[in-house]
Amino acid sequence: MNTIVGEAILAAPAQVEVIPRGTREFVFQRIFTVFLLLGTLVGVVVISYMLYNAYKYRDGADVDDGSIDRPRLGELPSGGGGGRKLFTSFILSTIIVISLITWTYGTLLFVESGPPQDDALAVEVTGFQFGWEFEYPNGYSEQGVMRVPVDRAVRLNLTSDDVFHNFGAPALKVKSDAIPGQTTETWFVANETGNYTAQCYELCGRGHSYMTATIVVMDPDEYEEWYAATNGSAS
Amino acid sequence: MTDSERPTETDGGEPDGGTVREELPVTGVDPDHGEHEHEFPSTGSIRRWFITTNHKDVGILYVVTSLFFLLLGGVLALLMRLQLWTPRAVGETLISAAAYNQAVSAHGLLMVFWFLSPFAFGFANYVVPLQIGAKDLAFPRLNALSYWLYLFSGILFGVSFFQGGTFSGGWTMYAPLNVPTFMPDVGATTAVLALILFVTSVTVSSVNFLTTMHRMRAEGLTLRRLPLFTWTILLTVWMMLFAFAALLAALMILASDRLLGTTYLALESPAGSLLWTHLFWFFGHPEVYIVFFPALGVMAETFQTFTGRRIVGRKWFIGAMVLVALQSFVVWMHHMFLTSINLQIKTLFMVTTIGISLPFDLMVFALIYTMLKGRIRFTTPFLFSFGALLLFIIGGITGVFLGAVVLDYEFRGTYWVVAHFHYVMVGGVTALVGGLYYWFPKMTGRMYDEFLGKLHFGIYFVGFNLLYFPMFVAWETPRRVFDYSAGLTVWHQIATVGGFVLAASFVVMFYNLTKSAFAGEPAPENPWEYSTTAEWAVPSPPPLENFPGVPTYRDGSLSFRRSGTETDGGVAVATGRDHGHEAGEHASHASIWPFVLGLGAFLTLLGLSGLKGGAFVEGAMGDVYLGTAALGGAVTLGSLVFMGLEPFYGPEVVEGEAWPFSGVENGKVGMWIFLASDVVLFGGFIGAYVFTRVAFGWTAWEPVPENPVPGLVNTYLLLTSSFTVALALVSAEKENKWGVVASLVTTFVLGVGFLANKAIEWEHLYHQGKWLSTNVETSTFFLTTGLHGAHVVAGLIVTLYLVARALRGKYLEDNRPLEQFGLYWHFVDIVWLFLFPLFYIL
């Protein structure tokens, strides 16, 4: 038991660093969970406070001792008191929001700086009505299926042949617009072999709902074997 | 604005509680008013609703019409929810893929444009003049015109379904899916034209509201003292003025690509897709606040009334809203985080986005703290407002997720976005529904059924959360897709059930309100204890001219000054070009021409929808379209002329608060405000040109006219014509009739010279093989200078009208129309001073 804890502590700097870094899936889950917990907490606190006061100060609850100056018809609008409380709450919420966003900014910089490995596989992705074409460094291209090796960073360069599309694979947490005449860039690392679905996330016409592709994450050796066999020829 | 005989006597008395009205005798009402109202048909007459220009009637028309569009958009939403009951594989769909895309797009467009804003503006129309102490809006006929343009734009959108299918590219209308190459249906063009007509209505309305709210406030009602609902409308309208002008530029470019064959957004354009996203979202983000602010205003009013507390931190609340209104124009690129924009820009827009979310925290806390020490009465309006605040808190928190760019990357295009903006926008609708119950007694003079109201709220709130909350859980579903992963089915089924529950709640509302409008308990002037604003100090419904006297806050609270017998106080301002009428005449309330003008615009655009690539469709259908357009053009021009000739008097402007436009008459203020929106329109066009040219390569781009001399000549012609317009005004001041006529005629001749010169230039270019659709360089050249040319043509038509009237000796006593026209003309000239170097020299 102790040794396991010890190992965990030794490994900690890599795993529990403040700014989440790692696969796209990992950073998303980490940040999303924190946001979800804090968001729920704040929501519950604020809404409970609101409901509590709505109940406490309901008409007929006898908390009104008659000393309060109520609004009158025809008066010039003016404000009630309570400015300090308002200001405190505002500052508090500002601190929460700004610190949260600042925290994620570190991860944004990490994601934006490109794939964490130098030997990233580069795939050119082209959207068209209604499908995806994937072109590999050797010039081989295939529609509907993208094959990548496991645990290796994949860099995608995306564009479109016709209208505005958006390429996204929810399980791998990778997404980017595919815009005609423009190139966008993104990357991902898949940690497990298997088939993943990629889909179009921008309404692009009649076939939008069925504009899918399969991402096949392969064992590196199998991948190399397959890649060598493509030989730069189109499918 | 002289008010030489200001009565010193007021009969305000000490207001206490809700009984202030009893002490405000309805005296001093001019006996003529009764007679005048005789000529105006009663609300029971159908004719009344076609000719009315009264702000209260127009408000009711807006509310009723917008609810109709709510039904239409709602039915489309239910269709979508049925399609989403299970994942639909090919061949298993309930409605076809094409129909689903149309339903998605039309639902968004109808709800955002034809329901939400007009619903809020129904209340704005009804309540704002009452709250600020005005008898009507500054330009009542223009107000009626706004309504008719709105209604006809909606009908036009409805027609688009029957022209081979309406627009099917989503409410964001991304390029190049929106051009005929990818969406050839005539109906798609009609939908775009319907939107243009809608934007026209909004622009007219914005000018009207801004002039009214800045110029016609009761004495003592400074901007700082405005009721909060009026404040939210004021800020909404300012945002609308600029945001919708940008949308107009985008839509005109899109319409031109569809009708005339220009290639701004085409696939081969260097950056057509991105150009559209920039133009659209520059409008689209302020639009979020445009639809939400009025709801915030309703919440602020109802919270104050039903808690019996004045709002906490009023100053900060207003300050926060002003900040949001300004900042709303610098956050648009957060809708584009996954496009090819760079990290620096992403960071900048991330910061502005967080910045704009914080003021809302303050507003939410202000509303919550307002409840403290209150006497909260859970009436239907309050329940809806309270519910709206709850929903908005959830919408706001889930919005912070989207502000974190790393999360936004994954949320893009998913149901997280759908759920979030429905919580915010339909949360806003919730407050507005509360507003409907709140002002229903004022508008109809009858009370609604409180039990049914509460029942409505109960079903509504349950249905709302059943519908939208599961969308957060099933957030990985892509938007606008009906074949989703099977594991999410249960959540979509809950949402579908929720959709029908929400719809059912509205059945309760329609039953309640329809029945109550005819058979409800008669409503007193002020059915709500602790309400403060002026609409509750007049009868329900208020009389045609609103107040029993001149409302004033001079003594710190509302009182009505006797209007005395015949004051000559206040200079009445007419909306027509002719202002010369005797002081003391009453405001008119009737004109049929706004309706006819709306009809004409409808026919014109319906006809134009048959255009594609600069030609009408082949065959008999083409002739029908051409004929409709021609008929529509004739009706439009005719009604404009009749409207100009019709004697019509707007409400008198009495001395009151008019910051920052005191001492400037309404017509001139209106013109300035209109020109401000026109600046943004041209800004959109010039921006589109610069953006496209940069993407193309600035230096590789050759100016379209090889010879700049015709353009240079035109510059001189226009500058000279500006000078002659100024001369016309000088002559009018010297009461020199022939001077006025000669100057105007010279202006006209110079303008015609400008157009003739341009025609020759364009003909040359045409023979060189350069035309609208040739390439993106020629597209920008012809469309931008063409838009300017259209401004010149409009100016010349007005010049002819002015000449005709000047010949009969008008303008010598009252030269304001000349001055207003002069402003417009100078503006058109200044625009040319920008266009000439941009398109001829650089």
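Naming convention: chains lettered A, B, ... in sequence-line order (proteins, then strands); numbering from 1 in each chain.
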request  = Select one option (side chain, backbone, both, neither) describing which atoms of B/Phe482 are under 4.5 Å from chain A's heavy atoms.
outcome  = both
message = Less than 4.5 Å to any heavy atom of chain A: does that hold for the side chain of B/Val351, its backbone, both, or neither?
response = neither
request  = Measure B/Trp475 against the heavy atoms of chain A and call it side chain, backbone, both or neither at under 4.5 Å.
outcome  = side chain
query = So does A/Lys173 pair up with B/Glu476, basic N to acidic O under 4.0 Å?
reply = yes
inquiry  = For A/Ser176 and B/Tyr409: C-alpha separation, side-chain torsions, deciding distance, then whether side-chain hydrogen bond (donor to acceptor under 3.5 Å, both in side chains) applies.
reply    = CA-CA 8 Å; A/Ser176 188; B/Tyr409 281 171; over 6 Å; no
query = What residue among B/Leu338, B/Thr414, B/Val481 forms side-chain contact (heavy atoms from CB on, under 4.5 Å) with A/Tyr201?
reply = B/Thr414
task = For this output row, return yes or no: ring centroids of B/Phe365 and A/Phe87 closer than 6.0 angstrom.
result = no
message = Looking only at side-chain N and O atoms, does A/Ser89 offer a donor or acceptor that is under 3.5 Å from a partner on B/Tyr369?
response = yes
task = Name the region of A/Thr183, side chain, backbone, both or neither, that has any atom closer than 4.5 Å to a heavy atom of chain B.
result = backbone
message = Rounded at 0.5 Å granularity, tell me how far OG in B/Ser273 sits from CG in A/Asp162.
response = 10.0 Å
Ion pair B/Arg480/A/Glu202, N-O distance below 4.0 Å = yes
ask   = Can you say whether B/Ala404 sits under 4.5 Å from chain A via the side chain, the backbone, both, or neither, judging by heavy atoms?
value = both
query = Checking B/Met336 against chain A: side chain, backbone, both or neither under 4.5 Å from a heavy atom?
reply = neither
query = Measuring heavy-atom distances to chain A, does B/Pro176 have an atom under 4.5 Å in its side chain, in its backbone, in both, or in neither?
reply = both
query = Side chain, backbone, both or neither: which part of B/Leu177 has an atom under 4.5 Å from a heavy atom of chain A?
reply = both
request  = Could you verify whether a donor N or O on one side chain and an acceptor N or O on the other, from B/Ser557 and A/Glu75, lie under 3.5 Å apart?
outcome  = no
ask   = B/Arg375 versus A/Ile68: any side-chain heavy-atom pair under 4.5 Å?
value = no
